Amino acid sequence: MVSEKMAVSFFVSVTENMLKQITTQTKLLQGLMLCAACFGMLGQAHAEDSKVAFINSQRVMRESAPAKAAEAKMEQDFSKRGKELQELSVKIKSMAEKLDKDAPVLSESDRLKRQRELAEIDKDFKRKQSAFNEDLNQRKNDEIAALSSRVETVVKQIAESDKYDIVLQDAVYISPRVDITEKVLKALSAPAK
């Protein structure tokens with residue numbers, strides 16, 4: 001059987017020769033259609049010998065042991081700050097309600113003083129909330145990158161050991177016989193080597 005590299009080289013040289021000889025748009029279109037048909041036949045012949053697999057990457061990122069461990073660790077690391085933000089939010093709401101209730105009976109200076117105090121606490125809350133969200137997003141991105149790298153390594157190992165030519169991530173339809181997601185999940189559950 002002719003190697004793919006040789007076949008592609010042959011088709012490229014044929015295409016170059018045809019393009020040198022083409023003088024009209026019609027002949028150019030006919031030549032390009034002939035080249036496309038040849039490449040299609042080459043791809044079909046090569047695909048018949050290929051072994052294909054599929055991985056549901058969203059499921060792996062959601063259900064794998066490392067993903068669950070990272071999620072639990074992040075929850076542990078960020079829960080204290082999250083709780084502090086919730087408490088501060090409740091305090092701001094309470095202060096605002098109290099100010100609204102007391103405003104008619106407060107002197108102008110007391111009302112302005114409490115409004116400034118409320119504004120300062122609200123400003124501090126927004127700053128802390130923004131920092132919290134940035135830290136959380138950065139951590140999520142770091143965890144996703146680390147997990148993606150590990151998944152890629154596991155998929156490559158499975159592809160090499162099972163002699164897959166291609167492993168796909170997204171498709172409209174996948175036959176269960178080519179889905180290796182469970183195999184990847186099991187490999188990720190095994191202790192890292």
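These figures come from a predicted structure and were not determined experimentally.
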- Item | Heavy-atom closest pair, residues Arg150 and Ala190 |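 Shortest heavy-atom separation between Arg150 and Ala190 comes out as NH2-O, 3.3 Å.
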
- Shortest non-hydrogen contact from Tyr173 to Pro176?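 Shortest heavy-atom contact: OH-CD, 4.4 Å.
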
- Message: Can you list everything that forms a salt bridge (Lys or Arg N to Asp or Glu O under 4.0 Å) with Lys156? Sequence neighbours excluded, please.
- Response: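 Salt bridge (Lys or Arg N to Asp or Glu O under 4.0 Å) list for Lys156, sorted by chain: Glu152.
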
State yes or no: do [X] and [Y] share one hydrophobic cluster built from I, L, V, M, F, W and Y residues joined by side-chain heavy-atom distances below 4.5 Å, directly or via other members?
X      : Y      : answer
Val60  : Met74  : no
Ile158 : Leu185 : yes
Ile174 : Val151 : no
Val154 : Phe54  : no
Val155 : Leu147 : yes

Nearest 0.5 angstrom please: [X] [atom1] to [Y] [atom2], how far?
X      : Y      : atom1 : atom2 : answer
Leu88  : Met95  : CG    : CE    : 9.5 Å
Leu85  : Asn133 : CG    : CG    : 8.0 Å
Glu71  : Lys140 : CD    : NZ    : 8.5 Å
Ser64  : Lys186 : OG    : NZ    : 14.5 Å
Phe125 : Gln86  : CZ    : CD    : 9.0 Å
Leu168 : Asn56  : CG    : CG    : 12.5 Å

- Item | Intermediate values then yes/no, salt bridge (Lys or Arg N to Asp or Glu O under 4.0 Å), Arg114 and Asp110 | CA-CA 6 Å; Arg114 285 173 60 178; Asp110 285 342; over 6 Å; no

May I ask you to decide if [Y]'s main-chain N or O and [X]'s side chain share a donor-acceptor pair within less than 3.5 Å?
X      : Y      : value
Ser149 : Ala145 : no
Ser94  : Val90  : no
Thr181 : Ile55  : no

Is it true that [X] and [Y] have a side-chain N and a carboxylate O under 4.0 angstrom from each other?
X      : Y      : answer
Lys183 : Asp162 : yes
Asp124 : Lys128 : yes
Glu97  : Lys101 : no
Asp77  : Lys73  : yes

Is there a side-chain contact between [X] and [Y] (heavy atoms, below 4.5 Å)?
X      : Y      : value
Lys91  : Glu87  : no
Arg81  : Asp135 : yes
Lys123 : Arg127 : no

- Query: Which pairs, with at least one residue in residues 129-153 and sequence neighbours excluded, count as a ring pair (Phe, Tyr, Trp, His ring centres under 6.0 Å)?
  - Reply: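 Checked against ring pair (Phe, Tyr, Trp, His ring centres under 6.0 Å) - neighbours excluded - the pairs reaching residues 129-153 are Phe78-Phe132.
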
- Message: Checking Asp142 against Gln138: is there a side-chain donor and acceptor pair closer than 3.5 Å?
- Response: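 Checked: Gln138/Asp142 side chains pair up, N/O donor to acceptor below 3.5 Å.
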
- Message: Just by distance, no angles: are the side chains of Arg111 and Gln115 close enough, under 3.5 Å, to form a donor-acceptor pair?
- Response: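 Distance-only check passes for Arg111 and Gln115.
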
- Item | Glu63 atom CD: more than 12 heavy-atom contacts under 6.0 Å |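 Yes, enclosed.
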
- Glu84 atom CD: more than 12 heavy-atom contacts under 6.0 Å: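 For Glu84, atom CD is crowded (more than 12 foreign heavy atoms under 6.0 Å).
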
